Peer 1: 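Structure provided below as structure tokens; questions to follow.
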Amino acid sequence: ETCMEDKLLKVMKIAGLTLALLMLVVPMAHAATPQIGQVMEPFTLPDIDGKDYTVNFDKKVNIVSFWVSSCSLCKEELRILNELSEEYKGQDLGINVVSTDFGGPRMVKIVLKTTETEAKVPIVFDSMMKVARGKFGATRFPVLFILDNTGKILFFMDGFREDSEARLRSEIEWRMK
């Protein structure tokens, strides 16, 4: 099984590089810069078990993070989202991760297992990037949005830097009041 996992990880890396190259070559006709105040519609995508999962913005504060499992910064962001999920458990905070992996659920499960990364938040799949790129304009990963209970974008952060965790925690704390 280890050999199979190694092969799948190699395929995933190639797919990730292919995606990155395609994003550079393919025109950005559907990608738009996210606007604070823009209202987003709920969307439905398959979850890690292949079942339809609707990302609703029914909490006071809703986080939607777009990432790819081969990205180490994305996995660091997932660690923080897991912590926030535990810290705000039972409160009015919704957290969803949207994976743009070509390998889908199987690939993400392997990556999470082999990197000893746990997902305590829902992960849905958008390998064709119809939501990530087409609706939210995500062209780099990770990119994270905070929305209110009407779907209005309140904050977004692209990339993950040294101060990202502090910025995210501060933004959530302020919005949860």
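Keep in mind that this is a model prediction, so the values were computed, not measured.
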Peer 1: For the residue pair Ser65 / Glu77, report whether a side-chain donor-acceptor contact shorter than 3.5 Å exists.
Peer 2: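 Checked: Glu77/Ser65 side chains pair up, N/O donor to acceptor below 3.5 Å.
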Peer 1: With under 30° as parallel and over 60° as perpendicular, where do the rings of Phe145 and Phe66 fit, or are they tilted in between?
Peer 2: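 Ring orientation, 0 to 90° scale: perpendicular.
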Peer 1: In this structure, are over 12 heavy atoms from other groups packed under 6.0 Å from Lys152 atom NZ?
Peer 2: no
Peer 1: Could you state whether Leu73 and Met157 fall into the same hydrophobic cluster, counting links through intermediate Ile, Leu, Val, Met, Phe, Trp or Tyr residues with side-chain heavy atoms under 4.5 angstrom apart?
Peer 2: yes
Peer 1: Could you check whether atom CE of Met176 has more than 12 heavy atoms from other residues, nucleotides or ligands sitting under 6.0 Å from it?
Peer 2: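 Atom CE in Met176 is packed in, count exceeds 12.
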Peer 1: Is there a side-chain contact between Glu83 and Glu87 (heavy atoms, below 4.5 Å)?
Peer 2: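 A side-chain contact under 4.5 Å exists here.
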Peer 1: To the nearest 0.5 Å, how far apart are CD1 in Ile36 and CD1 in Ile153?
Peer 2: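 Rounded to the nearest 0.5 Å, the CD1-CD1 separation comes out at 6.5 Å.
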Peer 1: Under a 3.5 Å distance rule, please check whether Asp47 uses its side chain to pair with a backbone N or O of Gly50 as donor and acceptor.
Peer 2: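 A pair under 3.5 Å: yes.
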Peer 1: With side chains defined as the heavy atoms from C-beta onward, is the minimum distance between Phe43 and Val98 less than 4.5 Å?
Peer 2: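 With C-beta onward as the side chain, the pair touches.
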Peer 1: Kindly give the heavy-atom pair with the smallest separation between Asn62 and Asn56, and that separation in Å.
Peer 2: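 Answer, listing the atom of Asn62 first, then Asn56: OD1-O, 3.9 Å.
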Peer 1: Quick check for you: to the nearest 0.5 Å, what is the distance between Met40 atom CE and Phe136 atom CZ?
Peer 2: 4.0 Å
Peer 1: Just by distance, no angles: are the side chains of Asp101 and Ser69 close enough, under 3.5 Å, to form a donor-acceptor pair?
Peer 2: yes
Peer 1: Any ion pair linking Glu162 and Arg167 (charged N to carboxylate O, less than 4.0 Å)?
Peer 2: no
Peer 1: Would Arg169 and Glu165 count as a salt bridge (Lys or Arg N to Asp or Glu O under 4.0 Å) here? Give the steps.
Peer 2: CA-CA 6 Å; Arg169 287 181 177 279; Glu165 180 175 3; 3.0 Å; yes
Peer 1: Within the 4.5 Å heavy-atom criterion, are Tyr53 and Asn96 side-chain neighbours or not?
Peer 2: yes
Peer 1: CD/Glu171 to CZ/Arg175 distance, rounded to the nearest 0.5 angstrom?
Peer 2: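 It is 4.5 Å, given to the nearest 0.5 Å.
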Peer 1: Answer yes or no: is there a donor N or O on one side and an acceptor on the other, between the side chain of Lys135 and the main chain of Glu41, under 3.5 Å?
Peer 2: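 Pair absent, no side-chain N/O of Lys135 close to backbone of Glu41.
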Peer 1: Can you name the nearest heavy-atom pair linking Pro142 to Phe160, along with the distance?
Peer 2: CG-CB, 4.0 Å
Peer 1: Do the non-hydrogen side-chain atoms of Leu45 and Val131 ever get within less than 4.5 Å of each other?
Peer 2: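 Yes, their side chains come closer than 4.5 Å.
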Peer 1: With rounding to the nearest 0.5 angstrom, report the CG to CG distance, Asn149 to Asp58.
Peer 2: 8.5 Å
Peer 1: Mind listing the closest non-hydrogen atom pair of Ile95 and Pro122 along with its distance?
Peer 2: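 Residues Ile95 and Pro122, closest heavy atoms: O-CD, 3.2 Å.
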Peer 1: In Å and rounded to the nearest 0.5 Å, what is the CG to CG distance from Leu168 to Leu81?
Peer 2: 6.5 Å
Peer 1: When rounded to the nearest 0.5 angstrom, what is the spacing between CZ in Phe141 and SG in Cys74?
Peer 2: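 Answer rounded to 0.5 Å: 8.0 Å.
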Peer 1: How about Thr44 and Val124: do any of their side-chain heavy atoms sit closer than 4.5 Å?
Peer 2: no
Peer 1: Is the closest side-chain heavy-atom distance between Asp92 and Val61 below 4.5 Å?
Peer 2: no
Peer 1: Below 4.5 Å, heavy atoms only, C-beta onward: do Leu84 and Ile172 meet side chain to side chain?
Peer 2: yes
Peer 1: Locate the shortest heavy-atom distance separating Ile63 from Ile146; write the atom from each residue and the value.
Peer 2: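 Looks like CG1-CG1, 4.2 Å.
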Peer 1: Under a single-linkage definition using a 4.5 Å side-chain heavy-atom cutoff for Ile, Leu, Val, Met, Phe, Trp and Tyr, are Trp174 and Leu144 assigned to the same hydrophobic cluster?
Peer 2: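 No, because Trp174 and Leu144 fall into different hydrophobic clusters, even though each may have its own neighbours under 4.5 Å.
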